[in-house]
Amino acid sequence: MSEETRERTISGVTVKIDRALCIGSGNCTNLAPEIFEIDDQNLVDFQDETPDIDQGRLVESCAICPVDALIVEDEDGEQIVP
Ligand code: SF4
């Protein structure tokens, strides 16, 4: 995992951020502001605290990324986004 990759388990799924791909569009932060933020490099990062939210909204907030910088794996390790 490169240092540009971040990973957390939230709402029963594993979310990975590939910051090398992020273009700072803000789609994910708009849909799941509890989970994602845009940092001072204009790249996505996790919020300090990432509470469990509705899993469907979390998955959707990753699926709408235009550059596939957000990866989601289900509890069995199967990649479901992108
Ligand atoms: S939707 Fe994708 S490109 Fe836009 S801020 Fe989130 S991770 Fe970055």
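The shown structure was predicted, so the numbers you read here are calculated from the model rather than taken from an experiment. Order of listing sets the numbers, starting from 1, for every ligand and every atom in it.
Looking only at protein N/O/S atoms, the ones less than 2.8 Å from atom 6 (Fe) of ligand 1 make 1 in total.
Distance alone, capped at 3.5 Å, is enough to place a donor-acceptor pair between the Ser11 side chain and the Ile53 backbone. For Arg6 (side chain) and Phe46 (main-chain N/O), no donor-acceptor pair under 3.5 Å exists by modelled atom type. Checking side-chain atoms of Thr50 against main-chain N and O of Gln47 turns up no donor-acceptor pair under 3.5 Å. Asp76 places no side-chain N or O within donor-acceptor distance of the main-chain N or O of Glu78, the cut-off being under 3.5 Å.
Put simply, the side chain of Val44 does not reach to within 4.5 Å of the side chain of Ser25, judged on heavy atoms.
A salt bridge links Arg57 and Glu34; the closest N-O separation between the charged side-chain nitrogens and carboxylate oxygens is under 4.0 Å.
Atom 3 (S) of ligand 1 has as its closest protein heavy atom Ile23 N, 3.4 Å.
Closest heavy-atom contact between Leu58 and Ile10: CD2-O, 3.6 Å.
Of the heavy atoms in Ile64, none comes closer than 4.0 Å to ligand 1.
For ligand 1, the atoms sitting less than 4.0 Å from at least one non-hydrogen atom of Val67 are 3 (S), numbered in the order shown with element in parentheses.
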